[in-house]
Structure formats: structure tokens, C-alpha cells
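Below: the structure, in C-alpha cells.
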Amino acid sequence: MATWQCVKQCGACCQLDPGDRPDLATYLTPEQLGEYLSMVGPDGWCIHFDSLNRDCTIYEDRPTFCRVTADTFGQMFGIEPQDLNAFAIDCCRQQIEAIYGDRSLESLRFEQAIGLEIG
């Protein structure tokens, strides 16, 4: 069984272009939406994403909406705790494939990290 986990030096979720996420206002509060939009750089990437090292420069202090937790996903998407794992895996797969491609190193690393064999 696959178990979700974040893959270091991926950063696909740090591509925040609001044009790619037209439903932001349906799952973020007005305050969160304002914070989210303030984090979007001119290139669509989070201003806190270090593209050289491919990591978050505010990881310990990142906003709630950047955290994959049962509480966060319950509040934003109505996901029950027992469904978080599968939902998070699907979200990551979609985002990684959209940013890097489904045959990318990032995609392969994610599949291996969650416990799926790549054949």
C-alpha cells in the first residue's frame, strides 16, 4: 500500500500560479487567499521557494494551506482523515506531472518514496 510523503527537492507544490488553480477561493478563506496571492512571484513560483536548492525557505513557518495534515485538508477540502493518504497522493501526482511530466525524475522519485515499484 502506498503511503504519502513529501519528496525533498521536488517543489512542485510551490508552483502557485493562480491561473492553474481557478478554484482557490472555494477552499481558502479570504485571509488565506490574500496570503497565498502575496506569495506568488512573477514567474508563478512561490517567493519562498529556493529554486537553486529546490526547497522552502520558510518550511517551519509556512502557512497552514501549505501543510499536508488531516486538519488542513479537512478544513480546505472536506477530506476525512482516513482518506487523506489517497487524496494527498493523487494531488501530488497531478501537480508533479503538470510541472515536471509523468516520466520525470520527480515523478519517479515520488512513486518510489510512497512505496510503489516502478517497472
Nearest 0.5 Å, what's the [atom1]-[atom2] distance between [X] and [Y]?
X: Asn85; Y: Gln5; atom1: CG; atom2: CD; result: 10.5 Å
X: His48; Y: Tyr59; atom1: NE2; atom2: OH; result: 15.0 Å
X: Tyr27; Y: Ile79; atom1: OH; atom2: CD1; result: 12.0 Å
X: Thr3; Y: Ile89; atom1: OG1; atom2: CD1; result: 6.5 Å
X: Asp20; Y: Gln95; atom1: CG; atom2: CD; result: 7.5 Å
X: Lys8; Y: Arg54; atom1: NZ; atom2: CZ; result: 13.5 Å

Return yes if some donor-acceptor pair links the side-chain N/O of Asp50 with the main-chain N/O of Asn53 below 3.5 Å, else return no.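 At least one qualifying donor-acceptor pair exists.
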Listed by chain and number, what are the salt bridge (Lys or Arg N to Asp or Glu O under 4.0 Å) partners of Arg62, not counting sequence neighbours?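 For Arg62 there are no salt bridge (Lys or Arg N to Asp or Glu O under 4.0 Å) partners, ignoring immediate neighbours.
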Answer yes or no: is there a side-chain heavy-atom contact under 4.5 Å between [X] and [Y]?
X: Cys91; Y: Trp4; value: no
X: Gln32; Y: Gln75; value: no
X: Val68; Y: Cys6; value: no
X: Phe110; Y: Cys92; value: yes
X: Pro63; Y: Ile58; value: yes
X: Met39; Y: Phe65; value: yes

Shortest non-hydrogen contact between [X] and [Y], atoms and distance:
X: Leu16; Y: Cys46; answer: CD1-CB, 3.5 Å
X: Gly44; Y: Gln15; answer: O-OE1, 2.7 Å
X: Gly101; Y: Ser107; answer: O-CB, 3.6 Å
X: Tyr100; Y: Ala12; answer: CE1-CB, 3.8 Å
X: Glu111; Y: Arg93; answer: OE2-NE, 2.7 Å

Hydrophobic cluster membership, [X] vs [Y], 4.5 Å side-chain cutoff:
X: Leu33; Y: Phe77; value: yes
X: Leu105; Y: Val7; value: no
X: Leu37; Y: Leu28; value: yes

So, Thr69 versus Thr72: side-chain donor-acceptor pair below 3.5 Å or not?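 Yes, a side-chain donor-acceptor pair sits under 3.5 Å.
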